[in-house]
Amino acid sequence: MATLRVESIAAGGDGVGRIDGLACFVPRTAPGDLAQVAVQTHARHARGRILQLLELSADRVAPLCRHYEADRCGGCQLQHLHGDAQRHARLTIVQEALRRIGKRDVPRAELVSGAEWGYRGRLTLTLRARGGTWIGGLHPFDDASRVFALEECAISDPMLVAAWHAVRAVARGLPEAGALRLAFRRIVPSDHDAASAVVLVVIGGTVWPESGAWAAALLRAHRALAAIWWECDDGERQALAVRGDSHAVPRERADDGGVDSQFLSSPTDDGPQADEALAFAQVNAEVALALRAYVLQRVETFAPSHVVDGYAGVGVLSELLQQAGIRVTAIEADLAGAAEARKRLRGYVGTQVIADTVEEALASVLPADVVVLNPPRRGVDVRVTALLATAATLGVRGIVYVSCDPATLARDVARLPSWRIAALRCFDMFPQTAHVETVCVLVPEAT
């Protein structure tokens, strides 16, 4: 047991203080807190658990969501901090990662923010069988083996929570299994006069004889649901019911239309570990739109004729670049994503979509004026940074790196010593959490 003063917020959202010079990470604390904690010491750091708060930080507020404290919900990390303190913490995480890991001293970035609550356009819940029914919700931050019953989620669109309550009312009809997952996604029609709707993917189970009837009945009972799909344990996905103009269409005719399959991609991811930041429109459409516009604007500052879009996903950015008159080579390792990108980019002259990893394909598509990198959370392969380290000799004038993890961004920047940071902007995609999106623009050191 020890007493410590919390000094800052670390990556991941824990407060950090020092005990005899050793950094101690304590969840749910705020800078300025004086806390008595139970301590577990490791080789280079310690972890603490609050026993008592002796002095409260001025940055503290009462959490809005009942589950944050009552169930120790792990979906948010910073609800106990007011908005300005949260934003300061996220920017500090980026700045300190670039200083300590990237060896780059940069001024604090601008942060683009949007709504603080109700912004999430997707919600994935875990269901556990219990007593002939289901307990469905999220995990406590300190016990991933447990699930608590979710009643509300203050950061999610209320449509998603309402759809969950509708499913919970008929949960006994779900497939038999020890555990399931429910992935709810908000979809916004291209026709702006049409109302938003929700798509549900039921994930898990092997046998579900009454699946079509169950799904069609649920669509009739809850008008905000547009479609229900089932992804069984072997990975096969099938449409169970899709809402037609005036009624739910059962499984036999569900494939005839209703919902584009792009809304159902990667149903099991649930947050910043998603494969690409530019695809986060389903999480936070407002801020994702701003991020996409900024990336496009920074690329256009180089007046490029050829851009490589690395980790291109389904080709959203590539299409924007092509519409701006820029020839694009898109690289995407996921075969389904590459196929979707080809469909999206069909008809654009000079566009090429390569279904391969960036580390394998990049050398063959250079020279280019700009390389866009939008990697998963783990960052880019060392072979990519090794090639880009000298890419200025191949005519590359800019690297636009879109990152969902400040630590791997900083590591990759450190591997590019001949490139300097010309611009840095952060995007507040996940308020109430410690996660932040960053766009880092690099130019050759000599320029």
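The first residue in the sequence is number 1, and the count goes up from there.
Taking the charged nitrogens against the carboxylate oxygens, R181 and E231 have no contact shorter than 4.0 Å, which rules out a salt bridge.
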Quiz item: Are H88 and R108 close enough, and set up right, to give a side-chain contact (heavy atoms from CB on, under 4.5 Å), and what steps lead you there?
Solution: CA-CA 9 Å; H88 175 84; R108 188 175 295 271; 3.5 Å; yes
Quiz prompt | Pair L291-V112, side-chain contact (heavy atoms from CB on, under 4.5 Å): steps then yes or no | solution = CA-CA 8 Å; L291 186 152; V112 177; over 6 Å; no
Self-check item: V61 and L81: CA distance, side-chain angles, deciding distance, side-chain contact (heavy atoms from CB on, under 4.5 Å) verdict
Solution: CA-CA 6 Å; V61 293; L81 298 183; 5.8 Å; no
Practice problem: I would like to know whether T206 and C232 meet side-chain contact (heavy atoms from CB on, under 4.5 Å); could you show each step before the answer? | Solution: CA-CA 6 Å; T206 57; C232 58; 5.8 Å; no
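With a 4.5 Å cut-off on side-chain heavy atoms, V328 and L345 do not count as touching. Put simply, the side chain of L125 reaches to within 4.5 Å of the side chain of L138, judged on heavy atoms. L424 places none of its side-chain heavy atoms less than 4.5 Å from the side chain of V439. You'll find the side chain of V202 reaches within 4.5 Å of the side chain of L182, heavy atoms only. Side-chain contact between Y401 and V371: absent, with no pair of heavy atoms (C-beta onward) separated by less than 4.5 Å. For the pair L54/Q52, a side-chain contact is recorded, criterion being any heavy-atom separation below 4.5 Å from C-beta on. Between D14 and T29 there is no side-chain heavy-atom pair separated by less than 4.5 Å. Residues T92 and I9 fail the side-chain proximity criterion, which asks for heavy atoms closer than 4.5 Å.
Side-chain N or O atoms of Y68 include none that pairs as donor or acceptor with a backbone N or O of G74 at under 3.5 Å. Here the side chain of Q432 pairs no donor or acceptor atom with the backbone of I155 at under 3.5 angstrom. Judged purely by atom type and a 3.5 angstrom limit, W134 has no side-chain atom pairing as donor or acceptor with the backbone of L127. Formation of a donor-acceptor pair under 3.5 Å by the R237 side chain with backbone atoms of W229 is not found in this model. Not a single donor-acceptor pair under 3.5 Å links the side chain of D33 to the backbone N or O of L56. Distance alone, capped at 3.5 Å, places no donor-acceptor pair between the E332 side chain and the V314 backbone. Checked by atom type and distance alone, the side chain of R185 never pairs as donor or acceptor with a backbone atom of V201 at under 3.5 Å. Between the side chain of R5 and the backbone N or O of G32 there is at least one donor-acceptor pair closer than 3.5 Å. In this structure, the side chain of S8 does not engage the main chain of V16 through any donor-acceptor pair within 3.5 Å. Remark: the backbone N or O of R425 is not paired with any side-chain donor or acceptor of E110 at under 3.5 angstrom.
A115 approaches P431 most closely through the heavy-atom pair O-CG, 3.5 Å. A434 and Q77 make their closest contact through N-OE1, 2.8 Å (heavy atoms, listed as atom of the first residue, atom of the second, distance). Scanning both residues, L240 and W230, for their nearest heavy atoms gives CD1-CB, 3.7 Å. L150 and G137 get closest at one heavy-atom pair: CB-CA, 3.7 Å. The two residues V413 and C440 come nearest to each other via the heavy atoms CG2-SG, 4.3 Å. Smallest separation of non-hydrogen atoms from L4 and C24: CD1-CB, 4.0 Å.
No side-chain donor-acceptor contact under 3.5 Å links T351 and R342. A side-chain donor-acceptor contact under 3.5 Å links S145 and D143.
Taking CG of L160 as the reference point, atom CG of L200 lies at 10.5 Å (rounded to 0.5 Å). If you take CE on M429 and CG on N284, they are separated by 6.0 Å, rounding to the nearest 0.5 Å. Taken to the nearest 0.5 Å, the OG atom of S156 stands 11.0 Å off from the CH2 atom of W117. The CG atom of N374 sits 10.0 Å away from the CZ atom of R292 when rounded to the nearest 0.5 Å. Note that OG1 of T41 and CD1 of I19 are 7.0 Å apart. Values are rounded to the nearest 0.5 Å. The CZ atom of R90 lies 7.0 Å from the CG atom of L111; values are rounded to the nearest 0.5 Å.
Within a 6.0 Å sphere centred on CD of E176, heavy atoms belonging to other residues, nucleotides or ligands number 12 at most. Shown here is E152, whose CD atom has more than 12 heavy atoms of other residues, nucleotides or ligands within 6.0 Å. Heavy atoms from other residues, nucleotides or ligands lying under 6.0 Å from CZ of R49 number 12 at most. Within a 6.0 Å radius of CD in Q40, other residues, nucleotides and ligands contribute 12 heavy atoms or fewer.
Between F430 and Y119, the ring-plane angle classifies as perpendicular under the 30° and 60° cut-offs.
With E151 as the partner, the side chain to side chain donor-acceptor pair (under 3.5 Å) test is satisfied by one option alone out of R168, H165, H67: R168.
Within the cation-pi definition used here (under 6.0 Å to the ring centroid, within 45° of the axis), R72 does not qualify as a partner of F148.
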